[in-house]
Amino acid sequence: MSLSTAPPTKNEWHHPPAEFDFRSDTFTSPTPAMLAALPNVSLGDDVYGESTTSNALAARLAEMFNKPAALFVLSGTMGNQLCVRSLLEQPPYSVLCDSRCHIYLDEAGGASVLSQATLTPAIPSNGLYLTLEDIKKNVILSEDIHFAPTRLITLENTINGVIHPLSEIRRICAFARGHGIKVHLDGARLWNACSVPGAPTLAEYAAEVDSLSVCISKSLGAPVGSYILGTKDMIAKANHFKKMLGGGIRQAGILTAMADIAVTDVFLKGRLAEANAYAKEVEKAWKRCGGKTTLPVDTNAVWVDLEARGIPEDLWSQVGTEMGVTLGGNRIMLHYQNSPESIKRLEEVMIEVCHRVDSAGKAASGKSVGRKAYLRGQL
Ligand SMILES: Cc1ncc(COP(=O)(O)O)c(C=O)c1O
């Protein structure tokens, strides 16, 4: 049967496929409310600036972040690359960034190809986020012709789920401004950083940087895309590059209407706090199994030290699959489409894996391990 003639049934729209998926918050999927919005969207051509639905959300986000302009782009990667390209002018130059950041590790070398930039990856000395001292150690201020001077610093927040404190971002940005260096913030998960109690607002973070990108397809559950924000000129330039890269979208309203609902129903209704709370529960469950984490659980990521607990990664994923839970290595990502039931199941997976590795270890040494000890949280 073709999709066009399939009868409406209770399907994935009603049962989020990501409920038992802990690999990434990118697995969150659109909701029935997003689907229901479609009959009312503008079908205007966004390349011609005629998508009133898209224009309305761009204006709304610009206001929310208190930036002059916003632009819908196809992905977080595209957003970061357009910002890097638009903030830089004439090589030779370099971009100073965290050695673990997405722009450096996970964007297929795009900054070198699209912006002809050398990247300077800096290791955060506190193991969590870059400080001004790390920046000063790695920045290239010299105009000596041997070097590619730093013209841009990119920050990421959250980075590996850890919040880059606004106070530290302020120090870095003040230094950058003092040296004519631009700053871009990869805020793919800035929403999550702003969803902890007492957090700064989106606009407070945005005020510090020249440009930022925020994803709507991870954690918020929209099907596609990111927004970038900056000055009117910078965003106009980014739009030009976006078109050059084939990123012009005709009936973009179909996507941006869903993005609009994601922002309203998920971020503004506080649903990301649920993901952060799930992460705390998962951390506790893991510790009850005798596990350690390798990074603080500030938001929705829990980094479990499988190696220290003697768990091979393939066994971890295998037991998850046997019990109906999808795991992706030592990072557990929580999102609002998980549920109390899926968190409970995840704990059962942890208990089972730990039981198996400990039983194997004890069998080798002639002792036995009771499964009940795990259930009582005694190990
Ligand atoms: C911090 C960060 N920035 C950017 C991206 C890129 O987003 P996309 O997959 O939409 O290109 C990701 C993707 O996971 C990310 O984690």
Between [X] and [Y], does any side-chain donor sit less than 3.5 Å from a side-chain acceptor?
| X | Y | value |
| --- | --- | --- |
| Asp305 | Thr294 | no |
| Ser195 | Asn192 | no |
| Asn338 | Glu19 | no |
| Thr299 | Asn276 | no |
| His184 | Asp210 | no |
| Thr256 | Ser54 | yes |

State the [atom1]-[atom2] distance between [X] and [Y], to the nearest 0.5 angstrom.
| X | Y | atom1 | atom2 | answer |
| --- | --- | --- | --- | --- |
| Leu96 | Ile140 | CG | CD1 | 8.0 Å |
| Arg170 | Tyr205 | CZ | OH | 9.5 Å |
| Phe27 | Met333 | CZ | CE | 11.0 Å |
| Leu346 | Asp21 | CG | CG | 11.0 Å |
| His240 | Leu82 | NE2 | CG | 12.0 Å |

Ignoring hydrogens and angles, tell me if any N or O in the side chain of [X] forms a donor-acceptor pair with the backbone of [Y] under 3.5 Å.
| X | Y | value |
| --- | --- | --- |
| Trp316 | Gly329 | yes |
| Lys242 | Gly248 | no |
| Glu283 | Thr293 | no |
| Thr53 | Ser42 | yes |
| Thr150 | Leu152 | no |
| Asp45 | Tyr48 | yes |
| Trp191 | Cys215 | yes |

Show me the donor-acceptor pairs within less than 3.5 Å that the side chains of residues 156-164 make with the rest of the protein, sequence neighbours left out.
{"residue": "Glu156", "atom": "OE1", "partner": "His102", "partner atom": "N", "Å": "2.7"}
{"residue": "Asn157", "atom": "OD1", "partner": "His164", "partner atom": "N", "Å": "2.8"}
{"residue": "Asn157", "atom": "ND2", "partner": "His164", "partner atom": "O", "Å": "3.2"}
{"residue": "His164", "atom": "NE2", "partner": "Leu130", "partner atom": "O", "Å": "2.8"}

Under the side chain to side chain contact (heavy atoms under 4.5 Å, CB included) test, which residues partner [X], sequence neighbours left out?
| X | value |
| --- | --- |
| Thr321 | none |
| Ser86 | Met234, Lys237, Ala238, Phe241 |
| Lys232 | Pro68, Ala69 |

Evaluate Asn138 against Thr120 for side-chain hydrogen bond (donor to acceptor under 3.5 Å, both in side chains), listing each step before the verdict. CA-CA 7 Å; Asn138 290 279; Thr120 311; over 6 Å; no
Kindly indicate, with the supporting measurements, whether the criterion side-chain contact (heavy atoms from CB on, under 4.5 Å) is fulfilled by Leu185 and Leu190. CA-CA 9 Å; Leu185 175 64; Leu190 192 61; 4.2 Å; yes
Once you measure the plane-to-plane angle for Phe72 and Tyr227, does it fall in the parallel (<30°), tilted (30-60°) or perpendicular (>60°) bin? tilted
Who pairs with [X] by salt bridge (charged side-chain N to carboxylate O under 4.0 Å, His left out), at least two apart in sequence or on another chain?
| X | answer |
| --- | --- |
| Asp106 | none |
| Lys269 | Asp265 |
| Glu281 | none |
| Glu133 | Arg171 |

Looking at Glu89, I want to see if its CD is surrounded by more than 12 non-hydrogen atoms of other residues, nucleotides or ligands under 6.0 Å. no
For Gln318, does the CD atom sit with more than 12 other heavy atoms under 6.0 Å from it, leaving out its own atoms?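 For Gln318, atom CD is crowded (more than 12 foreign heavy atoms under 6.0 Å).
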In terms of side-chain geometry, is the basic nitrogen of Lys287 or Glu347 positioned less than 4.0 Å from the acidic oxygen of its partner?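 So Lys287 does not pair with Glu347 through a salt bridge.
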Any pair with a residue in residues 54-68 that passes salt bridge (Lys or Arg N to Asp or Glu O under 4.0 Å), sequence neighbours left out, goes on the list, sorted by first then second residue, please. Arg60-Asp260
Give me each pair satisfying salt bridge (Lys or Arg N to Asp or Glu O under 4.0 Å) with a member in residues 120-131, each pair once, sequence neighbours excluded.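 Listed by first then second residue: nothing to list.
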Would you check, one step at a time, whether the test side-chain contact (heavy atoms from CB on, under 4.5 Å) holds for Ile135 with Ile153? CA-CA 9 Å; Ile135 296 288; Ile153 294 170; 3.8 Å; yes
Step by step, work out the side-chain contact (heavy atoms from CB on, under 4.5 Å) result for Lys292 and Arg309. CA-CA 8 Å; Lys292 292 186 185 128; Arg309 189 61 186 79; over 6 Å; no
List for me each residue that meets ring pair (Phe, Tyr, Trp, His ring centres under 6.0 Å) alongside Phe22, sequence neighbours excluded, and say none if there are none. none
Determine, stepwise, if the pair Arg356 / Glu352 fulfils side-chain contact (heavy atoms from CB on, under 4.5 Å). CA-CA 6 Å; Arg356 286 194 203 177; Glu352 178 61 25; 2.9 Å; yes
Residues joined to Val41 in its hydrophobic cluster, side chain to side chain under 4.5 Å directly or through other members, sorted by chain and number, are Trp13, Met34, Leu35, Leu38, Leu43, Ile254, Met258, Ile261
